[in-house]
Each structure stands twice: as C-alpha cells, then as structure tokens.
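Heads up: the structure comes next, in structure tokens.
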2 protein chains.
Amino acid sequence: MGQSLTIRVDPKGDRPPSEQIAAQVRFAIAAGVIEPGARLPSVRQLAVEALVNPNTVGKVWRDLEREGVLESRPGDGVFVAVAAPELCKDARDRELTARLGAWVNDARSAGLEEGELRELFERALAPRRLRRVGERS
Amino acid sequence: MGQSLTIRVDPKGDRPPSEQIAAQVRFAIAAGVIEPGARLPSVRQLAVEALVNPNTVGKVWRDLEREGVLESRPGDGVFVAVAAPELCKDARDRELTARLGAWVNDARSAGLEEGELRELFERALAPRRLRRVGERS
DNA sequence: TGGGCCGTCCTATCGTCCTAGGACAGTGCG
DNA sequence: CGCACTGTCCTAGGACGATAGGACGGCCCA
C-alpha cells in the first residue's frame, strides 16, 4: 500500500506524455485503485518518478480538475473528487469502446473476416498460453 | 472499378496524416483491393483528394518504397511492388495484434474482467444488433 | 522535338507539444 | 511567525510534423 499509484510514461510513444498520465490516472480511479478523497502525488514528485517536466504533470492535474475528476487545493495537494469514479468509468468505457470499434473497423478494411478477428482476440486474451509449443504453463 | 482507392484523412486525428495514408495503402494492398503492378494516384492528385500537401503524399510514397511496398518510377508514377501483399499482410497482422494487445492490457488495468472484455468485443463486432436492452437475442 | 505529367528535392514557415527555469501565493505545521 | 511544501503561472526554447511554393530532371506521347 506504500505506493498507491505508479505512473509509467513512454516518452517516444505515439501519445504525448500528458495524455498517458491522464489516462492512467483515470483508469486507476475507474478500477478503484485510488478512491475519492485520496491524495495524488505532488506535481514535482510525480515529475521525478515519471521522468517528465513538472509543468507536464501540472497540466494534467489542471485538465483533470476541469473534468471534475480531481480537486485541487493549492498549498495542500490534489485529491480524487467524489464523483470521480462515475466519471472515470464512463470515460473508460467510452474510450475502450471507441478504440475497439476503430480496431474492428480497421481490421475489416484490411480484409480480415470475423473468424480471424475472433482468433486474434482470443490470442490477445491469453498471451501466455499457446505462445510456443514447448513452454511451461 | 473507376476509383481503385479512396483515401480519407482526418487532419485532427491522433495520428499524423502521413501515417494515416500509409496505413490505408498498406491495408488496401493486404486486403487485395490493390494488386501488384497497379498504379497509385500521383502525388499532386492524391494531395487534392485527401486535402493534404503534395509533400506529405510524396513523403508517404518514398517511405513505402523504402519498405519495399511500392516501386517509384520518376516521370511515370508509383506502382505496387510484387512482394507488397506479403509485406503488407505481415505488417497488418503485426499492427493489429499490437493494438489489440495494448487494448486488452489497458482494459485490464482499468479493472475490467475477461467477461466484460468479451462483451465489449461482441458489441464491437455487431454494432447494429443488441443496441438497447429489450431486444430479442 | 515539345508540352504535360511524373517523383524528387529544397528552403522557409507555422502550430502543437514538451522542456526548462523561475516566480508567486496559499496551506499546514512546528 | 517562519519554513517547507503545495498548485499555479510566466517566458523562452526546441523537437517534430505539416504546410507553402518553387525548382529540377525523367518519362510518355502527340
């Protein structure tokens, strides 16, 4: 319980660091890893951990406050809002649905049939099983 | 048959226009919509259709030629290479697998169980059916 | 041969995002 | 009170991609 939250940022990912951080925070709240009233790492502290600029973290905190997910108390810290879980679950479902819809759309336009989509999905669900032939379970 | 290829670019999408065009071309080749030897739209022509800069299209043609997908004959046009379908199918499968893997990873970190993942997947496969609650199965 | 189309290349400019470093006011605690 | 910590704000700069406009040589066909 010491570390309630671990943020990982890939500086050369296809999505900017600020969005990566925001998405991870939203998902953590939706999953119940962080609960309303909980305090988040400070701008400078998380900046060191995630290897980003303090301004980048500050921007995320500000954006999430405008969404109603966080409550910022200058001089004290930022905290998870009461309505945050509901908001984040909605946002999570919307984002996951949109991404999966785009994936299905792209896969179909690339000539894959429904059976192949299902096969890829099953493989993605169980990446540990049926990896190679002779592998310890 | 008149229009062998229609490229759509969303200027404010999360991915840059050049990558959107390259992905659509690769997918079209993988799907068999365009076959080896076929001629692609000219840099200037596609630039007008897709509402992008000719330099952007030129960059895509050059990148895809370095991949071995296209063959550029200056003064004549760019054409689908013989080995392109194989290359594009591999690239397509790798990209779709990676994207779906990332999706499953994110969905799990957001607190969703395997059953919920399957439900979202079924819904994405059949967006027309089971829209609302009270519907015959 | 000449005109039109082709891909390529060049320089310059713009917008967006992250980085960098500093300054400020508010809060909590000893 | 005084100090450490908090979020916020400001200016400046760089990286990256797209845009803009032009110039070059190659290819096809009348």
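First the proteins, then the strands, lettered A, B, ... as listed; each starts at 1.
- Both the sub-6.0 Å distance and the 45° axial angle are not jointly satisfied by R92(B) relative to the ring of F27(B).
- In this structure, Q20(B) atom CD and dG17(D) atom P are separated by 14 Å, rounded to whole Å.
- Note: CZ (R66(A)) to P (dG7(D)) measures 15 Å, nearest angstrom.
- Taking only side-chain nitrogens and oxygens, T56(B) never comes nearer than 4.0 Å to OP1 or OP2 of dA18(D).
- Considering only heavy atoms from C-beta on, L125(B) comes within 4.5 Å of R108(A) through its side chain.
- The closest donor-acceptor contact from the side chain of Q20(B) to the backbone of R15(B) lies under 3.5 Å.
- Side chain of W103(A) to main chain of R99(B): no donor-acceptor pair is present (N/O by atom type, distance under 3.5 Å, no hydrogens or angles).
- Of the two residues near DNA chain C, E65(B) and V52(A), the one whose nearest nucleotide lies more 5' is E65(B).
- When the P atom of dA18(D) is taken as reference, atom NZ of K59(B) falls 6 Å away, rounded to whole Å.
- Interatomic distance, CD1 of I34(A) versus CD of Q24(A), reported as 10.0 Å (0.5 Å rounding).
- Residue contacts shown for P17(B) are limited to sugar-phosphate atoms, with no base heavy atom under 4.0 Å away.
- Nucleotide dT6(D) holds its C1' atom 13 Å from the CG atom of L40(A), rounded to whole Å.
- With respect to R118(B) and E114(B), a salt bridge is recorded, a charged nitrogen being found less than 4.0 Å from a carboxylate O.
- As rounded to whole Å, 13 Å separates atom C1' of dA18(D) from atom CD of E19(B).
- The CD atom of Q45(A) sits 10.0 Å away from the CG atom of L40(A) when rounded to the nearest 0.5 Å.
- Electrostatic pairing of D63(B) and K59(B) counts as a salt bridge here, judged by a charged N lying under 4.0 Å from a carboxylate O.
- Residues of residues 67-85 of chain B having a heavy atom closer than 4.0 Å to DNA chain D, listed by number: P74(B), G75(B).
- For R62(A) and dC9(D), the shortest distance from a side-chain N or O to OP1 or OP2 is below 4.0 Å.
- Rounding to whole angstrom units, CG of residue N53(A) and P of dA15(D) are separated by 15 Å.
- When atom types are taken as modelled, the side chain of T97(A) and the backbone of D93(A) share a donor-acceptor pair closer than 3.5 angstrom.
- Boundaries of the chain B contact region on DNA chain C are dC6(C) to dC10(C), first to last in 5' to 3' order (nucleotide atom under 4.0 Å from a heavy atom).
- For R44(A) against dG7(D), a side-chain-to-base donor-acceptor contact under 3.5 Å is present.
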